[in-house]
Amino acid sequence: MVALRSNVRAGTQRQSFVTGRGCRVALGPWTVAPLTNGVPFPPSAPAVPRPKTPSHSPSIPRSSATPPTAPPPPIGQQQRTPEEQVLAQLRNVIDPDFGEDIVACGFVRELAVDPASGSVSFTLELTTPACPVKEMFQRQSTEVVKALPWVRDVTIRMTSQPPKPLLPESGRPGGLAKVRHIIAVSSCKGGVGKSTVSVNLAYTLAQMGAKVGIFDADVYGPSLPLMVNPEVKVLEMDPVTKAIYPTEYEGVKVVSFGFAGQGSAIMRGPMVSGLIQQMLTTADWGELDYLVVDFPPGTGDIQLTLCQTVSFSAAVIVTTPQKLAFIDVAKGIRMFARLVVPCVAVVENMSYFEADGKRFFPFGQGSGDRIQRDFGLPNLVRFPIVPDLSAAGDGGQPLVVADPTCATSTAFMELGAAVVREVAKMAGRPARQAVYYDQQQDLVSVQLPGEPEFLLPPAVVRENDTSATSVDEWTGQRKREEVPQDARPAAINPLGNYAVQISWSDGFNQVASYELLDELRRYSVSRGGPVAAVLTGGLAAEAQLG
């Protein structure tokens with residue numbers, strides 16, 4: 001049985017909670033039933049401590065005339081084979097994204113050691129050819145292995161073997177079967193520079209060593225024919241297989257309705273959705289590491305069809321500093337959350353311009369920061385207003401191709417590295433965080449990296465929703481809407497490494513970032529026995545679990 005009493009206590013409203021309504025709160029019934037959550041996450045075992053920083057011991061000088069006599073191996077290495085000594089040294093090289101050494105990550109392959117000649121060779125097999133830290137891995141691996149007294153020469157081969165896509169390959173039909181990752185670039189609002197970001201991101205990934213394609217999903221007003229200038233400007237179709245052959249520019253495969261010889265289209269939504277689906281899936285993309293999809297503005301049939309047709313690995317959200325842009329972008333993030341597509345980065349375009357040594361913000365500030373904060377997105381990249389960026393696009397040559405060393409191209413390299421990191425983390429291993437609903441205890445269990453598990457009443461999680469349904473998007477104030485007290489999580493699905501999507505029994509969908517859940521830790525309760533929690537607006541609730 002559950003004995004529950006509640007009372008409203010005076011005090012100031014907490015920023016992350018709705019003001020109290022002076023009513024009784026029912027946290028029960030507390031029933032005993034088998035766990036039926038759609039995606040259960042058992043508490044993870046504690047990670048084995050690993051060195052936090054790689055060793056950077058300098059190479060020992062050698063004489064070409066007489067090989068030096070190697071000193072006795074250090075204590076702890078006396079019983080190790082040469083191979084074991086090399087692997088022990090390589091454990092000092094830490095992957096900054098996974099937080100583990102390159103041996104534990106499985107990157108070290110084909111190790112060959114010849115102690116007589118002092119030569120060591122091995123392969124570093126990474127998860128993507130566009131790995132932004134591959135040069136760091138090669139440099140640090142050479143340094144730590146050469147620190148062994150008997151090593152004279154180190155040979156490292158850098159290769160990549162990308163893991164399987166985030167979602168099953170059955171979600172990649174037709175010509176997409178050999179595409180490893182599909183990246184959506186969306187703004188849900190026109191005129192914010194989404195196509196410019198899409199094209200420059202695609203060519204940045206190509207410059208990082210990846211095989212890349214770009215798909216222009218805007219049939220009403222395709223932008224790609226203006227922004228790139230391929231030799232063959234018309235798409236060709238195989239008369240037998242009906243496969244579409246992408247055109248190509250600067251090593252990137254390109255498909256757009258504008259290259260179909262039709263210009264822009266005038267047709268109804270269902271026809272457009274079918275056309276886009278056909279072009280995307282029947283195009284012979286071949287083997288690609290990344291396919292960048294330039295979404296059209298909005299959150300309607302076209303966008304839903306795209307997300308339901310293929311399995312997107314991640315999404316990049318483009319916005320501008322205005323409040324109006326934030327409202328539209330928030331709708332897009334919730335759409336992707338509903339379709340379990342993790343958003344990995346926010347691009348705040350036209351953020352500022354510089355003149356006379358000062359920085360000016362003509363459209364205000366804060367949209368990108370608020371999106372990153374409210375939705376827990378891990379990366380925010382700002383782009384200034386520069387004439388070269390739009391001029392390069394209008395001239396048929398993306399800026400990162402025309403001027404790869406300028407400051408704006410460097411910012412695109414930062415964006416590309418962020419996308420590669422986040423996609424690799426999600427595809428390479430399951431998310432470290434674990435959140436699941438314990439139906440037996442009627443509690444939400446939260447396990448964050450390196451932290452003990454804590455438990456939250458479902459009402460606490462639900463009433464701290466940060467979406468537009470619960471928070472006024474203009475004022476930032478929490479709405480006074482009643483939350484059904486019998487609502488319980490029906491399913492909890494991970495959204496990459498930054499949030500979970502909670503589908504509630506009353507049909508409500510909530511995106512809860514791990515940062516938000518961590519803030520709610522102070523309202524955690526005990527498993528079994530008497531529990532107490534402070535809910536909305538200082539509402540105190542006590543319960544006896546039996």
Side-chain angles (χ1 to χ4, degrees), residues 15-16 184-201 203-204 223 227 294-295 297-299 315-334 336 343-395 398-400 402-419 422 466-468 471-478 498 513 515-516:
Q15 183 178 2
S16 61
V185 179
S186 173
S187 66
C188 303
K189 177 178 175 59
V192 299
K194 170 185 51 59
S195 295
T196 299
V197 171
S198 300
V199 172
N200 283 277
L201 172 61
Y203 283 92
T204 297
S223 303
M227 306 186 75
D294 181 9
F295 268 53
T299 54
V316 174
I317 303 299
V318 183
T319 185
T320 51
Q322 301 99 318
K323 282 186 178 181
L324 187 60
F326 168 82
I327 294 174
D328 290 330
V329 167
K331 295 176 183 176
I333 295 177
R334 287 194 293 273
F336 284 120
C343 298
V344 297
V346 182
V347 172
E348 188 177 87
N349 205 17
M350 296 180 278
S351 181
Y352 61 89
F353 70 89
E354 295 180 343
D356 299 328
K358 297 180 181 180
R359 182 168 292 185
F360 299 90
F361 302 88
F363 302 120
Q365 302 181 62
S367 175
D369 288 314
R370 185 177 174 188
I371 291 171
Q372 185 183 34
R373 180 182 66 252
D374 289 359
F375 294 98
L377 272 63
N379 302 282
L380 172 62
V381 182
R382 291 185 173 90
F383 288 96
I385 301 173
V386 289
D388 293 345
L389 184 59
S390 58
D394 293 342
L399 181 62
V400 297
D403 190 359
T405 61
C406 69
T408 304
S409 295
T410 301
F412 273 109
M413 188 64 68
E414 178 187 346
L415 175 62
V419 171
E422 298 299 328
T466 57
S467 70
V471 178
D472 188 287
E473 293 174 306
W474 290 102
T475 66
Q477 297 298 314
R478 192 165 292 276
Y498 69 92
S513 69
E515 183 179 4
L516 170 64

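Since this is a predicted model, take the numbers as computed values, not measurements. The analysis underlying the following values was restricted to heavy atoms, covering all of them including side chains, and did not include hydrogens, waters or symmetry mates.
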Just verifying a value: how many Å separate [X] [atom1] and [Y] [atom2], rounded to the nearest 0.5 Å?
X      : Y      : atom1 : atom2 : result
Ser186 : Ile317 : OG    : CD1   : 5.0 Å
Thr410 : Asp403 : OG1   : CG    : 9.0 Å
Met413 : Thr408 : CE    : OG1   : 13.0 Å

Got a sec, which residues hit side-chain contact (heavy atoms from CB on, under 4.5 Å) with [X], two or more places apart in sequence or on another chain?
X      : value
Ser409 : Leu399, Val400, Cys406
Pro387 : none
Met227 : Ser195, Thr196, Val199, Ser223
Ala402 : Gln397

ask   = Is a side-chain donor or acceptor of Asn379 paired with a backbone partner of Val344 at a separation under 3.5 angstrom?
value =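 Side chain of Asn379 to backbone of Val344, a donor-acceptor pair under 3.5 Å: yes, one is there.
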Pairs where residues 357-366 contributes a residue and the test side chain to side chain donor-acceptor pair (under 3.5 Å) is met, not counting sequence neighbours = Glu354-Arg359
inquiry  = For Phe361, give me all partners under ring-ring contact (aromatic ring centres under 6.0 Å, His included), at least two apart in sequence or on another chain.
reply    = none
task = Sequence neighbours left out, what passes ring-ring contact (aromatic ring centres under 6.0 Å, His included) with Phe363? Give chain and number order.
result = none
task = Evaluate the side-chain proximity of Leu415 to Thr204: yes if any heavy-atom separation is below 4.5 Å, no if none is.
result =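 Sidechains of Leu415 and Thr204: no contact.
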Looking only at non-hydrogen atoms, find the nearest pair between [X] and [Y] and report the distance.
X      : Y      : result
Ala345 : Leu377 : O-CD2, 4.0 Å
Tyr352 : Pro362 : CA-CD, 4.4 Å
Leu389 : Phe412 : CD1-CE1, 4.0 Å

key: Qualifying salt bridge (charged side-chain N to carboxylate O under 4.0 Å, His left out) pairs, either residue in residues 408-418, two or more places apart   = none
task = Sequence neighbours left out, what pairs pass salt bridge (charged side-chain N to carboxylate O under 4.0 Å, His left out) with at least one residue falling in residues 381-392?
result = Glu348-Arg382, Asp369-Arg382
task = Have a look at Val419 and tell me which of Val381, Val316, Val185 forms a side chain to side chain contact (heavy atoms under 4.5 Å, CB included) with it.
result = Val316
request  = Tell me, with the steps shown, if Val192 and Val318 meet side-chain contact (heavy atoms from CB on, under 4.5 Å).
outcome  = CA-CA 7 Å; Val192 299; Val318 183; 4.0 Å; yes
